[in-house]
Asks: 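Take this structure first; my questions come after.
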Protein chains: 2
Amino acid sequence: MKTTELQVFRDYIRRRGLRQTPERETIVREIFRLHEHFDVDELYLRLAQQDLKVSKASIYRTLPLLVDCGLIREVEYTDGHWHYEHIYGHPHHCHLRCAACGRLVEFQEPLLFEIEKNLQEKYGYTIKDHVLTVLGYCPQCQGVGEAAGD
Amino acid sequence: MKTTELQVFRDYIRRRGLRQTPERETIVREIFRLHEHFDVDELYLRLAQQDLKVSKASIYRTLPLLVDCGLIREVEYTDGHWHYEHIYGHPHHCHLRCAACGRLVEFQEPLLFEIEKNLQEKYGYTIKDHVLTVLGYCPQCQGVGEAAGD
DNA sequence: ATCATTGCAAAAGCTTTGCATAAGA
DNA sequence: TCTTATGCAAAGCTTTTGCAATGAT
């Protein structure tokens, strides 16, 4: 049987001697119900709309736990705040972003493991992870953004 | 004769119809005198120590100009604020960071251009740039960080 | 003489935190 | 029962902005 994100979270909570609360579980469930990137405010509003009352303070206190147990990750810091995505159950991927319209493509690239191997050999680091974001102009925005310089 | 960062900046200023001020030039000079990553506070303090009076507001207003004309770039958002590096005159590079001690290695990796080409072909994007940060444990921190889970 | 830029202080945003109350274990 | 977690409001930080004065063109 497949391990769910909630199970992963509960194991983590127990392992760290923390407490399983409805607020924390509500947050986990909403993050995995949602299939896009999110930020604190969006998450808070979505919960509020469903009458799931969780304070922002609790969200701010819960997200680091979810990052720590590998359920989510910080994607990027833009517009003055962090954006997250859930990663549990998804293969590792990178992002290709359109510099003009913001459109986002997720891709996997085996060459990155080649790169990790090279770094391991050259600098003696034990590699743990990588984050790659590629910036360009999507087919719709070509000409537009490029000509404008941005 | 080699084009200096100050010339690049002055060209940009003129091109955009902005004004060449001593504050802006002081900022550019200090950033290129300094050969590490920096943040607003560090830059401000270094200038203050030299009795070069430039307000933080001016720094905050100038950095976006320097990013725009390609003299510097945002490296990462950590510890609650942005970190920058000057890039003019330096070949494009990526970062390898130790997850335990923070040690930073700059490296160049030709395979990334391969990756860019693949993305261009597969998704039709015109690629502009990429940012890759690899996380691992440096030779000194192996065992330490890894065993601790972080 | 114009009008952009500066510095200051205030404001704006996001995130963190102190504290009393609620509620897991 | 003993502590941790929650919610609220206040505080903390970084960054932005309004405005009068300054200074570049």
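Convention: sequence-line order gives letters A, B, ...; per-chain numbering from 1.
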Asks: If the sugar-phosphate is the primed atoms plus P, OP1 and OP2 and the base is the rest, what is the B/S/- string for nucleotides 16-25 of chain D, using protein heavy atoms under 4.0 Å?
Replies: BBB----BBS
Asks: Tell me who clusters with B:Ile87, hydrophobic residues only, linked when side chains sit under 4.5 Å apart either directly or through other members.
Replies: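 None; B:Ile87 is a cluster of one.
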Asks: Looking at B:Val134, B:Leu132, B:Leu111, which one forms a side-chain contact (heavy atoms from CB on, under 4.5 Å) with A:Leu112?
Replies: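 Answer after filtering B:Val134, B:Leu132, B:Leu111: B:Leu132.
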Asks: Mind checking what makes side chain to side chain contact (heavy atoms under 4.5 Å, CB included) contact with A:Glu23, not counting sequence neighbours?
Replies: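 Listed in chain order: A:Thr21, A:Val54.
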Asks: Nearest 0.5 angstrom please: B:Lys56 NZ to B:Leu43 CG, how far?
Replies: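 These two atoms lie 10.0 Å from each other.
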Asks: Which residues satisfy the side chain to side chain contact (heavy atoms under 4.5 Å, CB included) test with A:Glu25, sequence neighbours excluded?
Replies: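 Applying side chain to side chain contact (heavy atoms under 4.5 Å, CB included) to A:Glu25 gives A:Leu6, A:Arg10, A:Gln20, A:Arg29.
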Asks: Which angle, rounded to 10°, do you find between the first-five-pair axis and the last-five-pair axis of the helix from C:dA1-D:dT25 to C:dA25-D:dT1?
Replies: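 The helix from C:dA1-D:dT25 to C:dA25-D:dT1 shows an end-to-end axis angle of 40°.
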Asks: For DNA chain C, note the earliest and the latest nucleotide, 5' to 3', having some atom under 4.0 Å of a heavy atom belonging to chain B.
Replies: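 So the contact region on DNA chain C extends C:dC3 to C:dC8.
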Asks: Starting at CD of B:Glu106, measure out to CG of B:Leu96 and round the result to the nearest 0.5 Å.
Replies: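 It comes to 11.0 Å.
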Asks: Mind checking what makes side chain to side chain contact (heavy atoms under 4.5 Å, CB included) contact with B:Cys69, not counting sequence neighbours?
Replies: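 So B:Cys69 forms a side chain to side chain contact (heavy atoms under 4.5 Å, CB included) with B:Phe9, B:Tyr12, B:Leu71.
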Asks: Can you pull out the residues from residues 37-52 of chain A that lie within a 4.0 Å heavy-atom distance of DNA chain D?
Replies: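 Nucleic-acid contacts, sorted: none.
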Asks: In chain order, what residues pass the salt bridge (Lys or Arg N to Asp or Glu O under 4.0 Å) check against A:Arg19, with sequence neighbours excluded?
Replies: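 Not a single residue meets the salt bridge (Lys or Arg N to Asp or Glu O under 4.0 Å) criterion with A:Arg19.
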Asks: Identify, with sequence neighbours excluded, every residue that meets side chain to side chain contact (heavy atoms under 4.5 Å, CB included) alongside B:Glu42.
Replies: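 B:Phe38, B:Asp39.
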Asks: Pick the nucleotide of DNA chain D nearest each of A:Ser58 and B:Tyr77; which residue has the one closer to the 5' end?
Replies: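 Closer to the 5' end of DNA chain D: A:Ser58.
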Asks: With sequence neighbours excluded, give me every ring pair (Phe, Tyr, Trp, His ring centres under 6.0 Å) pair touching residues 54-80 of chain B.
Replies: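 Those involving residues 54-80 of chain B are A:Tyr77-B:Tyr77, A:Trp82-B:Tyr77, B:Tyr77-B:Trp82.
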Asks: Just to verify, what does B:Tyr123 make a ring-ring contact (aromatic ring centres under 6.0 Å, His included) with, not counting sequence neighbours?
Replies: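 ring-ring contact (aromatic ring centres under 6.0 Å, His included) list for B:Tyr123, sorted by chain: empty.
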Asks: Would B:Leu18 end up clustered with B:Val8 when hydrophobic side chains under 4.5 Å apart are linked, directly or stepwise?
Replies: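 Yes; tracing contacts between hydrophobic side chains, which count when under 4.5 Å, links both residues.
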